[in-house]
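Naming convention: chains lettered A, B, ... in sequence-line order (proteins, then strands); numbering from 1 in each chain.
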2 protein chains.
Amino acid sequence: MIRKTHRKSLVEQVAEQMEQLIEQQQWTVGTKLPPEMELMAEFGVSRNTLREAIRALVHAGLLETKQGSGTLVRSASTLGSALERRAKKSTMLETLEVREALEKQAAQLAAERRTETDLANLEACIQSCRHASAHGDVEQFIASDLQFHKNVVLASGNPLLVDLYEHMTGILYAFIQDVLAMEPCLQTGQEVHLELLEAIRKQEPESAAWYAARDMNILKEMILDAREESYEETNRNIGR
Amino acid sequence: MIRKTHRKSLVEQVAEQMEQLIEQQQWTVGTKLPPEMELMAEFGVSRNTLREAIRALVHAGLLETKQGSGTLVRSASTLGSALERRAKKSTMLETLEVREALEKQAAQLAAERRTETDLANLEACIQSCRHASAHGDVEQFIASDLQFHKNVVLASGNPLLVDLYEHMTGILYAFIQDVLAMEPCLQTGQEVHLELLEAIRKQEPESAAWYAARDMNILKEMILDAREESYEETNRNIGR
DNA sequence: AACGGACCAATCATCCTACAACTTTCAGGA
DNA sequence: TCCTGAAAGTTGTAGGATGATTGGTCCGTT
């Protein structure tokens, strides 16, 4: 068969190879890449070509370069920075509503497909939440709370949903962290979590979605209460 | 105030400027960019720097270069190609479930916030659907059907949701197109659309979400029925 | 006049060299 | 020991040269 043309440019080929190395964990997050000279030899391309490939991945959020120091892997997925860039142009409420969409769907699917392992993981998170709450360990509480929600989404068995949810949560993390430190959520949130777990255990999708929505609304109200100052701050940060 | 360092490299600055030009529609989709020599002069950077910036945007899906011809604007948003790249690694069912998540949430929000204009638009789409269905105009029917769903999401008043929904729909478009051409959906789909519109008109969020889910499930079943052959084809396309 | 082919100019793709700016390392002196 | 500063390593930017592809022009043939 005759190949009409090299459909892909050299730069794209190199970028693709590097993306695969990252995806396949051969270059894990935090890894420092070999210097440009070595990569040139390894890929058999000139410095310009290699640099254009690297720059493409830097812009996509996969790599990070520091002059004089080197290049390192920043993230294993492109979605993160793309979503981040888009979310910065939106209000926090809009971002929260998208996260709510994902979480409700995830809860519903989790109720349909959850395994015994999923249930055990969720239970463990609730226990951890309760323990942290009783000891007033805010940091541990937040971690366990986030882990609970993540496990719900994981139980949905949809990796794409997991990815999107994780990134949306990451974007909102700074705010969530501040808000979750407040007192009341330590109580009400827990009860809803229990109800949600029960709905998932009993495989009642509608009910699970409802409790997920309930939990999100509690969080949404809290965040919106503290929105004024945080929102200003965000805008300032975005401004420059 | 003292500027510590040039936080951003020249390449990033140029890329950012070009992104703004695209975002602000000064460079609209399809526009041919000036040749590299002119851009070099305009931005005041060397050829390498400019090319690295261009390459970053090409990789992000915003630009497209053709040797010997020139560079043109391919898309106004980065999200599209990032989502596309991620979705290609997932099954169609997973993608459908994400789209379902967005659509249900959109229907719910639309029921809360819809304006009279939104209702009029939705009504017009349904009329158009009915007309096309009566005349057996499949192409027109599909267009109107997609437009109806898009208007539902638009009525949610959440631009981020709209963007994500649009891109997910775009990814699924090829399949949707094939499936919608089937007979039965011309009937059942219409009824559900009417019910959904009524729920939105009466501002009943839960009901609206339910009908949106119902509509998605009809589509989902149809697609999954025709999945075997389409799925194989997809894998072949993805393969190379 | 219409068609086809060779030529030519514009444009991007790749490569090369050189130097600047920044970081890290480490040897040498206080 | 601690500090300093020189040197090596690494990425950032610049400029030039050549190859490959495209699109159009012009000319000759039918």
Nearest-nucleotide comparison on DNA chain C, the residue closer to the 5′ end among A:Leu50 and B:Glu38: B:Glu38

Separation of atom CG in B:Leu63 from atom P in C:dA13, rounded to whole Å: 11 Å

No-H, no-angle donor-acceptor pair, B:Gln67 side chain to D:dG19 base, under 3.5 Å: yes

Side-chain N or O of A:Ser46 closer than 4.0 Å to phosphate OP1/OP2 of C:dC15: yes

Value rounded to 0.5 Å, distance of CG in A:Leu57 from NE2 in B:His59: 5.0 Å

Min side-chain heavy-atom separation A:Leu10-A:Phe43 under 4.5 Å: no

Nearest-nucleotide 5' precedence on DNA chain C, A:Val45 against B:Glu36: B:Glu36

Closest-nucleotide 5' rank along DNA chain D - winner of A:Arg47 and B:Lys66: A:Arg47

Minimum-distance nucleotide (side-chain atoms of B:Pro35 versus C:dC12, C:dT14, D:dT13): C:dC12

Atom-pair distance (NZ on B:Lys8; P on C:dC22), nearest Å: 18 Å

Donor-acceptor pair present, B:Asn48 side chain and D:dG15 base, under 3.5 Å: yes

C:dC15 phosphate, OP1 or OP2, under 4.0 Å from A:Thr49 side-chain N/O: yes

Side-chain N or O of A:Ser69 closer than 4.0 Å to phosphate OP1/OP2 of C:dC22: no

Nearest-nucleotide pick for B:Arg51, side chain only, options being D:dG12, C:dC15, C:dC12: C:dC12

Full working for side chain to side chain donor-acceptor pair (under 3.5 Å) between B:Thr169 and B:Arg99: CA-CA 7 Å; B:Thr169 303; B:Arg99 184 174 180 269; 3.3 Å; yes

Distance-only donor-acceptor test, B:Arg55 side-chain atoms vs C:dA13 base atoms, 3.5 Å: no

Expected output: side-chain A:Gln105 to main-chain B:Glu100 donor-acceptor under 3.5 Å: no

Closest-nucleotide 5' rank along DNA chain D - winner of B:Gly68 and A:Leu33: A:Leu33

For atom NZ of A:Lys32 and atom C1' of C:dT25, their distance in whole Å: 11 Å

Check ion pair B:Arg85-A:Glu19 (N to O, under 4.0 angstrom): yes

side-chain N/O A:Thr71 vs D:dT11 OP1/OP2, d < 4.0 Å: yes

Rounded interatomic separation in angstrom, taking CE from B:Met37 and P from C:dA13: 15 Å

